[in-house]
Amino acid sequence: LAFGVRSRSLHCDDTGDGSMRLQLLRVSQIVIDFLVLAFALLLAFLLRWEFRPPADVVGRMLLIGPYVVGFEYLVLVQFGVRRFSWRYIGLREVARIFLALIVSTLVLLASRVVIGEVVSSAPYLRHGIVPFGVILLNFVLAFGGVSGVRVLRRLMGERADARGPSIRPPSRQDLVPTMLVGAGQAGVLVVKELANRPELNLHPVGFLDDDVLKKGTDIHGVRVLGTTHD
């Protein structure tokens with residue numbers, strides 16, 4: 001009975017620690033996204049005026065910056081970007097980020113046109129004008145930043161997996177030269193698996209594939225040497 005109670009206590013503690021780590025991870029990801037979006041907007045303003053913005057532009061940036069960044073993040077959330085795993089981001093997720101930022105950029109462009117039309121009758125609205133150049137630069141920088149931090153996280157994770165926590169990498173002499181048949185998606189998965197499992201002692205030296213158009217190309221760092229007949 002004491003062992004059972006102790007086991008449940010340890011399980012609850014582990015679950016609590018895991019939940020806390022998960023919450024910290026999510027909060028840190030939100031903070032990083034906000035910082036990336038804010039830096040992208042700031043850099044867009046600076047590039048637009050060649051790093052010498054007038055005083056009124058600086059005031060405008062400080063006034064509307066939080067609203068623009070908050071709006072962009074809300075659009076990313078609506079497109080499900082917040083739920084994406086940074087560790088396993090792929091082209092599908094990058095395309096979703098691109099689409100979300102396209103939508104937010106179109107809205108900002110539309111608001112710029114509307115405010116520009118009515119600013120003559122309401123002069124105070126000029127403080128809410130974001131120049132077209134800033135909006136377009138911000139799109140490029142925000143897309144590169146939001147996607148870049150996730151790709152960097154994936155690369156760091158894959159590098160850590162390749163090193164392995166407790167497996168001594170085999171020497172070059174111990175590796176068995178291995179030819180892989182099929183340079184499609186399955187072949188790419190095999191190459192990744194071999195890179196992440198050095199204890200298998202297999203070194204892929206080339207692909208064989210009957211698609212002659214692939215001959216001579218590099219796929220995930222491995223050359224397609226010829227067909228199965230070759």
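With rounding to the nearest 0.5 Å, the separation of CG in Leu225 from CG in Asp230 is 9.5 Å. Distance check, rounded to the nearest 0.5 Å: CD1 of Ile30 to CZ of Arg26 gives 9.0 Å. To the nearest 0.5 Å, atom CZ of residue Phe84 and atom CZ of residue Arg92 are 7.5 Å apart. For the atom pair CZ (Arg60) and CD1 (Ile129), the distance works out to 6.5 Å, reported to the nearest 0.5 Å. The CZ atom of Arg150 lies 9.0 Å from the CD1 atom of Ile32; values are rounded to the nearest 0.5 Å. A distance of 3.5 Å separates CD1 in Ile102 from CZ in Phe139, rounded to the nearest 0.5 Å.
Under a 3.5 Å cut-off, the side chain of Arg154 and the backbone N or O of Ile89 do form a donor-acceptor pair. Put simply, the side chain of Asn138 gets close to the backbone of Leu41: a donor and an acceptor are under 3.5 Å apart. For the pair Asp33 (side chain) and Val146 (backbone), a donor-acceptor distance under 3.5 Å is absent. Not one N or O on the side chain of Arg153 forms a donor-acceptor pair closer than 3.5 Å with the backbone of Val149. Side-chain N or O atoms of Gln23 include none that pairs as donor or acceptor with a backbone N or O of Met20 at under 3.5 Å.
Using a 4.5 Å cut-off on side-chain heavy atoms (C-beta onward), Leu42 and Met61 make contact. Contact check for Phe132 versus Val113: side-chain heavy atoms found under the 4.5 Å cut-off. Residues Leu180 and Val191 have side chains in contact (heavy-atom distance under 4.5 Å, counting atoms from C-beta outward). Within the 4.5 Å cutoff, the side chain of Glu72 has no heavy atoms near those of the Leu76 side chain. Residues Val68 and Tyr73 form no side-chain contact, since every pair of their non-hydrogen atoms from C-beta on lies 4.5 Å or further apart. You'll find the side chain of Phe207 stays beyond 4.5 Å of the side chain of Thr217, heavy atoms only. For the pair Val94/Phe143, a side-chain contact is recorded, criterion being any heavy-atom separation below 4.5 Å from C-beta on.
Connection of Met179 to Ile219 is not established within any shared hydrophobic cluster, with ILVMFWY side chains joined at heavy-atom distances below 4.5 Å, either directly or through further cluster members. No continuous path of ILVMFWY side-chain contacts below 4.5 Å connects Leu200 to Val205, so the two sit in separate hydrophobic clusters. In the hydrophobic clustering of this structure, Leu35 does not group with Leu46; members are Ile, Leu, Val, Met, Phe, Trp, Tyr whose side-chain heavy atoms approach within less than 4.5 Å, directly or through other members. Taking hydrophobic clusters as Ile, Leu, Val, Met, Phe, Trp and Tyr residues chained together by side-chain heavy-atom distances below 4.5 Å, Val130 shares a cluster with Phe51. Linking ILVMFWY residues whenever their side-chain heavy atoms come closer than 4.5 Å, directly or via other members, places Val176 and Val222 in the same cluster.
Shown here for Pro131 and Phe45, the closest heavy-atom pair between the two residues is CD-CE2, 4.4 Å. Taking all atoms of both residues into account, the shortest heavy-atom contact from Leu141 to Ala44 is CD1-N, 3.7 Å. Between Gly70 and Phe34, the closest heavy-atom pair is CA-CE2, 4.2 Å. A pairwise comparison of heavy atoms in Leu194 and Pro204 identifies CD1-CD, 4.0 Å as the closest pair. Listed here is the closest heavy atom pair of Lys214 and Val224: O-CB, 3.2 Å. A pairwise comparison of heavy atoms in Pro54 and Trp49 identifies CD-CD1, 3.6 Å as the closest pair.
Counting heavy-atom neighbours within 6.0 Å of Leu24 CG, excluding the residue itself, gives a total above 12. Heavy-atom contacts from other residues, nucleotides or ligands closer than 6.0 Å to OH of Tyr67 number 12 or fewer. No more than 12 heavy-atom neighbours from other residues, nucleotides or ligands sit within 6.0 angstrom of CZ on Phe98.
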field: Verdict with supporting geometry, Arg112 and Leu108, side-chain contact (heavy atoms from CB on, under 4.5 Å)
entry: CA-CA 6 Å; Arg112 167 64 180 85; Leu108 291 175; over 6 Å; no
